[in-house]
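Here's the structure, in structure tokens; my notes come after.
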Amino acid sequence: MKDLKGAVVLITGATSGIGRSTAIRFARAGANLIITGRREELLGELSSELKKEYGINVCSYRVDVRDFEAVRNAVDSLPPEWKGIDILINNAGLARGLSKLHEGSLDDWNEMIDTNVKGLLHVSRCVIPLMVERKQGHVINIGSIAGHEVYPNGNVYCGTKYAVDAITQGMRMDLNGMNVKVTTIDPGLVETEFAIVRFRGDSVRAKSVYSGMTPLTPDDVADAVMYAVTCPENMVVAQMVLLPVAQASAMVVDRKSQS
Ligand code: NDP
Ligand code: 8X3
């Protein structure tokens, strides 16, 4: 297995869910981390925890991935030893609401498109040139089952994840021959803050997304990321779809009645 000790790993959306679990997995493996998100207090707490628990170096940046200038300034201001980013995890993302397209909210659409598509592009545009220069790197994009199947009322969120899939394929082609691997990891239902954000804090509705079934945990996804980054040098995991056992497709979920 590839040794991650001392590797430099940048994770977007490390303040909760999949990004946070992935940060902890990499810290345990001895990687040095650049963690980003908008919630500064959570970044500070995670940074202290990772340094204390695992003795690694951590750089944390409060960055909204929708703001290209902020992303560019953060990457430009990295100290030289941090600019050798070995692994980029494009994880920051969100869904807002579930509604018929003709009744959808423009603000929700903009937020999803700006975060899930343009945010991923902003970070990639700033970080990938550093990888190309060194002829070394691995980009992991967090897609979704929603990038493989559209479900009713999921229209724009699904559209953003189809875009992530297309952009990932394009990245892999454009980086061919440059020793930069590109992977997309596409989970089904994972219990994180995702549904709470989608339903704007309605925790009862959010909980119901996972009712009567056992969803994936953020650690399950982090384990898949670790597999992708530690597989042999001659191999790239192009795409990994991860589903809970109870989920057969975006819409087919076996929900046992709860006692
Ligand atoms: P969480 O809500 O727990 O985490 C989302 C992370 O994204 C947070 O750290 C949040 O940080 C960050 N984020 C959101 N918007 C921005 C922004 N504008 N700028 C910077 N950071 C941002 O959800 P998940 O962990 O579940 O989601 C992570 C990824 O996984 C997303 O791309 C999501 O689409 C994808 N996914 C999730 C699934 C699920 O069922 N949970 C299934 C398939 C894919 P902060 O608020 O501090 O900015
Ligand atoms: C998140 C999974 O099914 O809620 O991407 O769209 S789903």
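Any value given below was found using the heavy atoms of this structure, including those in side chains, with hydrogens, waters and symmetry copies removed. These numbers come from a predicted model, not from an experiment.
With His138 contributing its side chain and Ile87 its backbone, the two residues share no donor-acceptor pair below 3.5 Å. Listed for the Arg172 side chain is no donor-acceptor partner under 3.5 Å among the backbone atoms of Thr183. Within the 3.5 Å criterion, the main-chain N or O of Met235 finds a donor-acceptor partner in the side chain of Lys181. Under a 3.5 Å cut-off, the side chain of Tyr162 and the backbone N or O of Glu149 do form a donor-acceptor pair. A donor-acceptor distance shorter than 3.5 angstrom exists from the side chain of Ser77 to the backbone of Ala74, with no hydrogens or angles considered. Checking side-chain atoms of Arg198 against main-chain N and O of Leu94 turns up no donor-acceptor pair under 3.5 Å. Side-chain atoms of Thr36 never come within 3.5 Å of backbone atoms of Ser60 as a donor-acceptor pair (strictly under, hydrogens ignored). The main-chain N or O of Gly137 is never found under 3.5 Å from a side-chain atom of Asp86 such that the two would form a donor-acceptor pair. Looking at Thr12, its side chain does come within 3.5 Å of a backbone N or O of Ala92 through a donor-acceptor pair.
Within 6.0 Å of OH in Tyr227 there are 12 or fewer heavy atoms belonging to other residues, nucleotides or ligands. Atom NZ of Lys118 has 12 or fewer heavy atoms from other residues, nucleotides or ligands within 6.0 Å. Other residues, nucleotides and ligands contribute only 12 or fewer heavy atoms inside 6.0 Å of the CZ atom of Arg125. More than 12 heavy atoms of other residues, nucleotides or ligands sit less than 6.0 Å from atom CD of Glu45.
One distance of note links OG of Ser105 with CD of Glu111; it measures 9.0 Å at 0.5 Å rounding. We find the OG-CD1 distance between Ser47 and Ile34 to be 12.0 Å, quoted to the nearest 0.5 Å. The SG atom of Cys59 sits 11.5 Å away from atom CG of Leu43, with the distance rounded to the nearest 0.5 Å. Remark: Tyr157 OH to Leu98 CG distance equals 11.0 Å, nearest 0.5 Å. Note: Leu189 CG to Thr214 OG1 = 11.0 Å, rounded to the nearest 0.5 Å. Note that the CG atom of Asn116 and the CD1 atom of Ile167 stand 10.0 Å from one another [nearest 0.5 Å].
A salt bridge between Arg28 and Glu53 is absent, with no side-chain N of the basic residue lying under 4.0 Å from a carboxylate O of the acidic one. Using a 4.0 Å cut-off between a side-chain N of Lys or Arg and a carboxylate O of Asp or Glu, Arg38 and Asp67 do not qualify as a salt bridge. Salt bridge annotation for Asp3-Lys5: absent, with no cationic side-chain nitrogen under 4.0 angstrom from a carboxylate oxygen. In this structure, Asp202 does not pair ionically with Arg200, as no charged nitrogen and carboxylate oxygen lie closer than 4.0 Å. For Lys161 and Asp186, the salt-bridge test fails: no basic side-chain N is under 4.0 Å from an acidic carboxylate O. Using a 4.0 Å cut-off between a side-chain N of Lys or Arg and a carboxylate O of Asp or Glu, Lys100 and Glu103 do not qualify as a salt bridge. Salt bridge annotation for Glu49-Arg20: present, with a cationic side-chain nitrogen under 4.0 angstrom from a carboxylate oxygen.
The heavy-atom pair separating Ala228 from Ile185 by the smallest distance is CB-CD1, 4.4 Å. Taking both residues in full, the closest heavy atoms of Cys126 and Val71 are given as SG-CG1, 4.0 Å, listed atom of the first, atom of the second, then distance. Listed here is the closest heavy atom pair of Ala248 and Leu243: O-CD1, 4.1 Å. Shortest non-hydrogen contact noted between Lys83 and Leu78 is NZ-O, 3.4 Å. Heavy-atom minimum distance, Ile142 versus Pro187: CG2-CD, 4.3 Å. Nearest heavy-atom pair across Gly93 and Thr115 is CA-CG2, 4.0 Å.
You'll find the side chain of Val190 stays beyond 4.5 Å of the side chain of Asp220, heavy atoms only. Residues Ile56 and Phe26 form no side-chain contact, since every pair of their non-hydrogen atoms from C-beta on lies 4.5 Å or further apart. Counting only heavy atoms from C-beta outward, the side chains of Leu130 and Gln136 never approach each other to under 4.5 Å. Residues Ile18 and Thr22 meet the side-chain proximity criterion, which asks for heavy atoms closer than 4.5 Å. Between Ser16 and Phe194 there is no side-chain heavy-atom pair separated by less than 4.5 Å. At least one side-chain heavy atom of Ile24 sits less than 4.5 Å from a side-chain heavy atom of Leu50. Counting heavy atoms from C-beta outward, Thr160 and Val164 have side chains that stay 4.5 Å or more apart. The shortest distance between side-chain heavy atoms of Ile140 and Val229 falls below 4.5 Å.
Cluster annotation: Val182 is connected to Leu88 through the hydrophobic network of ILVMFWY side chains, with a link wherever side-chain heavy atoms come within less than 4.5 Å. Residues Leu10 and Leu175 fall within the same hydrophobic cluster, defined by Ile, Leu, Val, Met, Phe, Trp and Tyr side chains chained together at heavy-atom separations under 4.5 Å. Transitive grouping of hydrophobic side chains (ILVMFWY, heavy atoms separated by less than 4.5 Å) brings Met240 and Val9 into a common cluster. Both Tyr61 and Val8 belong to a single network of hydrophobic side chains, linked directly or stepwise wherever heavy atoms of I, L, V, M, F, W or Y lie under 4.5 Å apart. In the hydrophobic cluster analysis, where Ile, Leu, Val, Met, Phe, Trp and Tyr join through side-chain heavy atoms closer than 4.5 angstrom, Leu46 is grouped together with Ile89.
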Practice prompt. Apply side-chain hydrogen bond (donor to acceptor under 3.5 Å, both in side chains) to Asn153 and Ser99, showing your working.
Written response: CA-CA 5 Å; Asn153 302 317; Ser99 60; over 6 Å; no
Worksheet entry | Worked check of side-chain contact (heavy atoms from CB on, under 4.5 Å) between Val150 and Asn155 | CA-CA 7 Å; Val150 180; Asn155 40 62; 5.6 Å; no
Fill in: Stepwise side-chain contact (heavy atoms from CB on, under 4.5 Å) check, Arg134 with Ile85
CA-CA 9 Å; Arg134 295 170 62 230; Ile85 296 167; 5.6 Å; no
Fill in: side-chain hydrogen bond (donor to acceptor under 3.5 Å, both in side chains) between Glu81 and Asn57, worked out
CA-CA 11 Å; Glu81 65 275 22; Asn57 298 318; over 6 Å; no
Item to complete: Go through the steps to decide whether Val58 and Ile35 satisfy the test side-chain contact (heavy atoms from CB on, under 4.5 Å), and finish with yes or no.
Response: CA-CA 7 Å; Val58 182; Ile35 54 172; 3.9 Å; yes
Fill in: Full working for side-chain contact (heavy atoms from CB on, under 4.5 Å) between Leu216 and Leu242
CA-CA 8 Å; Leu216 297 175; Leu242 311 173; 3.9 Å; yes
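In this model, a donor atom of one side chain and an acceptor atom of the other lie less than 3.5 Å apart for Gln239 and Asp165. Asn141 and Thr184 form no side-chain donor-acceptor contact under 3.5 Å, judged by distance and modelled atom types alone.
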